[in-house]
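Notes follow once the structure below has been shown.
Treat the numbers as computed from the prediction; the structure is a model and nothing was measured. Quick note on labels: first sequence line is chain A, next is B, and so on, each numbered from 1.
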Amino acid sequence: MGTADSGTMKDPSTKTELPSVVIRLAGDSGDGMQLTGTQFTTSTALSGHDLATLPDFPAEIRAPAGTMNGVSGYQIQFAGTDVHTPGDSPDVLVAMNPAALRANVGDLVRNALVLVNVDSFKPKDLAKAGYENNPLEDGSLSGYRVIEVELTRLTRQAVDDLGLDTRSADRCKNFFALGMMFWLFERPMEPTEKWLREKFANRELILEANLRALKAGWAYCEATEVFAERYVVPRAAAEPGTYRNISGNTATALGLLAAAERSDLQLFYGSYPITPASDVLHEVAKYKEFGAVSFQAEDEISAVAAAIGASYAGSLGTTCTSGPGMALKAEAMGLATMVELPLVVCNIQRGGPSTGLPTKTEQADLLQSLFGRPSETPTPVVAAATPSDCFAMAYEAARIAVRSMTPVIFLSDGYLANGAEPWRIPNVEDLPDIPVPQPNPENFLPYLREPETLARPWARPGTPGMEHRVGGLEKEDGTGNVSYTAENHERMVHLRAEKIQKIADYIPEQSVDGPDSGELLVVGWGSTYGAITGAVEHARREGLSVSHAHIRYLNPFPKNLGDVLSSYRKVLIPEMNLGQLALLLRGMYGIETESFTKVQGKPFTEAEVFTKIREMAS
Amino acid sequence: MGTADSGTMKDPSTKTELPSVVIRLAGDSGDGMQLTGTQFTTSTALSGHDLATLPDFPAEIRAPAGTMNGVSGYQIQFAGTDVHTPGDSPDVLVAMNPAALRANVGDLVRNALVLVNVDSFKPKDLAKAGYENNPLEDGSLSGYRVIEVELTRLTRQAVDDLGLDTRSADRCKNFFALGMMFWLFERPMEPTEKWLREKFANRELILEANLRALKAGWAYCEATEVFAERYVVPRAAAEPGTYRNISGNTATALGLLAAAERSDLQLFYGSYPITPASDVLHEVAKYKEFGAVSFQAEDEISAVAAAIGASYAGSLGTTCTSGPGMALKAEAMGLATMVELPLVVCNIQRGGPSTGLPTKTEQADLLQSLFGRPSETPTPVVAAATPSDCFAMAYEAARIAVRSMTPVIFLSDGYLANGAEPWRIPNVEDLPDIPVPQPNPENFLPYLREPETLARPWARPGTPGMEHRVGGLEKEDGTGNVSYTAENHERMVHLRAEKIQKIADYIPEQSVDGPDSGELLVVGWGSTYGAITGAVEHARREGLSVSHAHIRYLNPFPKNLGDVLSSYRKVLIPEMNLGQLALLLRGMYGIETESFTKVQGKPFTEAEVFTKIREMAS
Amino acid sequence: MATTLTNKDFKSDQEVRWCPGCGDYAILNSVQNVFPKLGIPREKFVVVSGIGCASRFPYYMDTYGFHTIHGRAPAVATGVKMANPELSVWVVSGDGDALSIGGNHLIHAMRRNVDIKVLMFNNRIYGLTKGQASPASELGKKTKSTPMGSADAPFNPLAIALGANARFVARSVDIMAGHLRVVLEAAARHKGSAFVEIFQNCNIFNDKAFDAWTEKDVRDDRMVSLDPGEPIVFGKEKNRGIALDCLEPKVVSFDGDVPDEVLRWDPSRTDPTLSFMMAHLDDRPNFPLPIGIFRQVDEPTYEQRVHEQIETAQSKRGKGDLQGLLASGNTWVV
Amino acid sequence: MATTLTNKDFKSDQEVRWCPGCGDYAILNSVQNVFPKLGIPREKFVVVSGIGCASRFPYYMDTYGFHTIHGRAPAVATGVKMANPELSVWVVSGDGDALSIGGNHLIHAMRRNVDIKVLMFNNRIYGLTKGQASPASELGKKTKSTPMGSADAPFNPLAIALGANARFVARSVDIMAGHLRVVLEAAARHKGSAFVEIFQNCNIFNDKAFDAWTEKDVRDDRMVSLDPGEPIVFGKEKNRGIALDCLEPKVVSFDGDVPDEVLRWDPSRTDPTLSFMMAHLDDRPNFPLPIGIFRQVDEPTYEQRVHEQIETAQSKRGKGDLQGLLASGNTWVV
Ligand SMILES: Cc1ncc(C[n+]2csc(CCOP(=O)(O)OP(=O)(O)O)c2C)c(N)n1
Ligand SMILES: Cc1ncc(C[n+]2csc(CCOP(=O)(O)OP(=O)(O)O)c2C)c(N)n1
Ligand code: SF4
Ligand code: SF4
Ligand SMILES: [Mg+2]
Ligand SMILES: [Mg+2]
């Protein structure tokens, strides 16, 4: 709501056009903010807006109700087109209690709209949130447009004659608030109504109560002059196609499934639950009608070992985890390198080290991905840039794994995993082919390589006449027999490295957004995509000449990357770590880099990156 | 035996002076070659020669007797002073059977002395070794001075009247050969006699048989003219002191024990057996009278976890492993980083990836050591350069771990582990102090840091009044309470990195052997020390200006390393991997490097490095 | 000194943050009530945990505490106890932490007989990661990770512990404070490794998982407590008991005095067979689920044996002389 | 087809490289003799192993084979079997591989009832790494890593397997080829997870570890075979048997016919208690050590349950339509 600070109270029929809006919904963990956010998102997506979302869960299991630790938030930015991040600073805040207000008010734009549930601003509520005075009364909110609503009372009223107990009645108040937001931004209510009907198909009373609360919220705005105006965010034309909203974790699961389908392999997904990766498991577990086998293992080692076993038996073996679990998979990944079997290892990065900040985001596992195994164990690495890009890159990971018979690491992070954005649904037939290295029955040797890719053939148990043995000891090239000779070992070490390098022959070259040479190139990887893109666009609007290269293939790098990097006088690398890509690019291409880091468990804002760009470009 | 090729048959009383000699003893696994080699080494060390050794076990459990896979070898180089490696090419080969001859003859210098046991050159022996013709007869050995000895028959004769069965009698023939070598190089026989008396104290017959074989070998040379001359290798004065011969693994164990003593801590050693690290466990398990606790864990994870528990309780927690085991320790090492407890993790590197070449050497775990854990988990890394340097660097690892309250990785490898060299025994009191960060009872907070090192205090359970909790979740600086705030996380990530960087304040600066600026600097780390030193000395003798910097502190690097590197026009980095240090130095210091790699499971030879130096320096 | 300690002395300054209604609160309370009774100074307690809801436990205890990593608490605790056998070392773990990722460390600590007390809070679900099946979840259970029902037959946690030769094995229930305290105190006083399964309600992801046994009105009929030296009797009227029909346990009903054929419980039998049978008692239709002390057998602990070796070495060879060791073997002087 | 296979068909072209005299040779032989009898085509056999001397096994079998990493073979094999339930999947493991680093995967495979056959070659030592104690080594055993004797009480491997609810549990001896083949064949024909402990002599690092039981002249008195349906009788004269004295097994001697009180062995009892008792029989002085089949219980396998869910889903919802799935939920068209 770029123009929010110019807003004054107007006639309710007034509609103000805004290019984009950032809304944050905040409340107690028990207030259902994630659900409210998701419903608003769906409705917004169906209105044809571009959007990006950021759920922010409390790290605690369930902190005591009403405390700062218990605040759960959900942020969405939507616009006519080209939304890159969930937004730096909200234009609208819905605060279900004082803690939610206190935790979030500092982030708002000047003159932001703040909707509060006054019913929860009793002295004991204020005390739990650590407020000494009531902020609604002490003038501390004077820079904002505060809308006080008796959400609790009004909700109870709306469901009054249903005979619900108070607790159940109060549980509906998020739908009242949602109804108000729907009115304010002219969103359709049908998708939410439909969702409620499905969700509570067997619990009529609850269904009815929620529907009533939702409609009451809308009606309340329609009837009273609680808001001075409504907002309209005009839509620009996106690329034609069918769209849906998708989170990174769902996209990851679908990407793996799509790769299995297109390569005609059974998907085997072995995993051990861990935040923020568990949802991929939950998702895959649903695909039983696709023949996908999901296996909740006893630990991460078993998960990856079973995936390797499944690949050995002819499935597409995949596994998924985060930080601590990634560490545990290293040994088995070395085995997959040695026996040259396809394996996709998804790492949904989170804040570390150790248990660290499990619900927060970070991208500090890049160097681990490249080097985190003993000895020379080259492993391809790809990284998704946005939630929907998780589909594409998980698919790519599988394509590389199968085509080159190798373990591949797919990197996502907590921010992509839980964030969502509209996704243009691809045509299954348009997805890239995934050639499966087949053994030649006339001339079968387990380590006889395809010249182009150096991939060995994949002879599956059950195939008569191709009985053979593989294992973790050094293999003789060709036969695959155990070999301890010096010459063979050196040849194999180089062959394994070369095989991975050859992947660069069939992945896309590095593209650049902006001029293909000049003063400043911003290089990013992973989830910094949105913030960098927004910042670069901003910089261009200010007349600066800046380009942006976002690296999705991190090992091997695209063939032209060295040339791209050396075409600019300065290279800026923003990363949510202490400069890992920067170190790597310096080491590999001998270029000077400016590393710009943020390790706070949360993504860069566009403004932060923009400020840095301006500093460097001037 | 630099002059070996000038030798002609002479009067047996003739003595030829040689500057250095390389001997390789080779036979079947069951022939006792390791034992024979060790005895020759001891005797040589006691003669005051400098030396270096290289055992070379077959990778197989027990390969069929007489086959190439079953050949076990032991090489020693000795000289008056300054031996850097076990030698590139043997001057003398003892071959107990055709397979031993065939496996080793290719490595010999021209005109080398080859002693063979003719009794084992029967057609079936030749066939097992894969010889089509008898090499003793087909002229293929014409470039060598072959000495044929009926080792089996002569040994049987020597023990004839003891009434041993043939198998036991034949087992003594390695001592017959050893007696011959003792005669040839004028070694004292007493140490071996003493050793035999201790070893077979309760088995008189075997003792007697071995003694007789040993003496018969000597007498055979004395009596017959089997050798035309004897060799004398004059001794130069080494640094005064008391010396012993020591292998890398023994030195590692002693280094840890010494650090425990000097810091007044109980040594806790948790480990799981793995080649080539197991001997460190076997060694530590002997130190019970020192109060050292050794724990054979159920796996490597338990080993490191128990070591962390022991450190938490106030011991010096240490663990040791190799490749596959190292991968498994990564997660727990991250915990140690987070809770900031001392921990030494020894990695005796071996050939990989995966199970790889378990009995062979490699130094390909450098980047894993630096980056092989999720998230920003900075970990100090030190590496030993020679077998005896394992004592110094294991001690240093412990000193850093305790002083800076951090896990530290100590790197050795299979070559250092099993190799041996004379070691000047240090005075325990002369070893560097190890200050233990003590909590201040007046003002105790678990994460209150010493300003110099940023180390937190080590308050041990059992101390009244200092009860506190630590754990793997992000800690609030000072209190150590769990904290999820963005600012604190960023501060802690930087603090942890800075703490490791500050170690550079108290480790030695990088030293350079040779001119401190110029044309060419050879940079090495770990066990390439010997080959590089020899090659550089060789190059200097040829008039080339070359310097050598050997990095023992790999994270953080010594403060002056950047300056050192930039003082030379070219930097050559020989490594037993695909160029890991080279990548790191380029990334960190932006210098150009020439990477020179060998990944064959065996060390560089001096000649290989010399050839490369000559190529670069001209 | 220890005798004057109260439960307050064991409450840390950290706010307890489990979901309201979680069974963990009751267990925390019981532990805080038992610790002061043990005559052990506060600074000698160490509580080690893995990862999970249950594993946040050490933060709330004002003792030395170590919240380690998932599944590894028994290994860390083994190191703590070996390094300093004077400490009273407790492990708190969830069913996932202890039986899934940590199963191996658990059984090895048990077989070695390290003197650590493992309290496994069994809620038959993964709480912290929000509701996946655990190795203690029933076959067919629908969870986030098993939408069509779990296909994994679960462990019997007591059978695992007995199979690993755990010398002390017991079971109790979060809400049965009196029973739980008796069991905890027995575990504390037992010298050697102890495994205590505690049924714990996770009201968020697996509510009422144990109600069928532990609800006040069925409890007496559906559970039976194994109390050392006491006849195994149950039922609201205390009028049924467990007897053995040679190979098979049977339920005998009686009026008045407990008949002799009712087993008098003896957990100190070295042979674990009968304990093992009791661990499976409730697999039989209409048999009660036993709680209480299944096994309690004395044997030297691991750390005792380890430190005895050190003492023997020192008394035989004298306390180690490092300079002498460095200079051992063949030396020569230059 | 399968019926015409002979042991030669299962010999690979790799030279067998164990120490001369190693018990592994005899076991290899027995396996190569049993496989052709099973009516399974050669290409359907997969032999998975971990690391250790025993684990080199797959190289010598002319089947599909996978020499994986230390301790993880049961996990890899679980993946193989889940991916393709048609395969006959065998795991070969040493006592260190299976019980030390691999203990957790082993017990989880057993509880799930994955249809894999785990053969654990127990030589009570680490062979490949040259002679350290294993979790099967006796208390007090002196090895390279335990110079003053092992302080770790060992596992009873069968008790671990039974504690984990392994449905098929058996024991045999390397050199008792006839007995071993019977056991292997029973394991092969059993549908579900099987754990078979095989005493194996390591003549290099732990020679004669089992001679006290297995030497020809004592064997009949010191061991007893549990054979389904047969009375448990032993002794050179076959004149002693095992009976149950309610809680305690007892040895009864007899002349002539086997008395009725001698137990007739039934490994198919669902309750594992009696099997567990037999696993501890030899802890009692003067009792024989049982070999043979301790347990054999039928139950659906894990992979069956998993694939049934897939079939149910497909029959209910139709075979998955990927394009439809991608476009599921709320969509809109631009
Ligand atoms: C190596 C690793 N894997 C996975 C996780 C994620 N994780 C944390 S707790 C947990 C299981 C929790 O269940 P349980 O042990 O039963 O404890 P509860 O929360 O139910 O008390 C998992 C899978 C982790 N932290 N570390
Ligand atoms: C992760 C890992 N840790 C340790 C080792 C070293 N290692 C190889 S085999 C083995 C144990 C061998 O004993 P066992 O399993 O009993 O087999 P055996 O050799 O006796 O047949 C060990 C410790 C390894 N290869 N990998
Ligand atoms: S999720 Fe369950 S176990 Fe965890 S704190 Fe909440 S109620 Fe307790
Ligand atoms: S070391 Fe032992 S187990 Fe290994 S091959 Fe030799 S005899 Fe067999
Ligand atoms: Mg649980
Ligand atoms: Mg073994």
Which of [options] touches chain D most, by non-hydrogen pairs under 4.5 Å:
options	value
L106(C), N113(C), T270(C), I160(C)	I160(C)
T312(C), D271(C), D283(C)	D271(C)
L139(C), L263(C), V114(C), N165(C)	L139(C)
A313(C), A151(C), G103(C), G102(C)	A151(C)
A279(C), G149(C), P300(C)	G149(C)

Whatever's closer than 4.5 Å to a heavy atom in chain C on A161(D) counts as neither
Cut-off 4.5 Å, heavy atoms of chain C, and the answer for E303(D) is neither
One option among Q309(D), M277(D), E248(D) has the most heavy-atom pairs under 4.5 Å with chain C, and it is Q309(D)
Highest number of heavy-atom pairs under 4.5 Å with chain C among R269(D), E299(D), H105(D), Q304(D) belongs to R269(D)
The interface call for P154(C) against chain D, heavy-atom contacts under 4.5 Å, is backbone
Cut-off 4.5 Å, heavy atoms of chain D, and the answer for L244(C) is both
| task | Determine whether the side chains of Y302(C) and T78(C) contain a donor N or O and an acceptor N or O closer than 3.5 Å. | result | no
Once you measure the plane-to-plane angle for F168(C) and H190(C), does it fall in the parallel (<30°), tilted (30-60°) or perpendicular (>60°) bin?
tilted
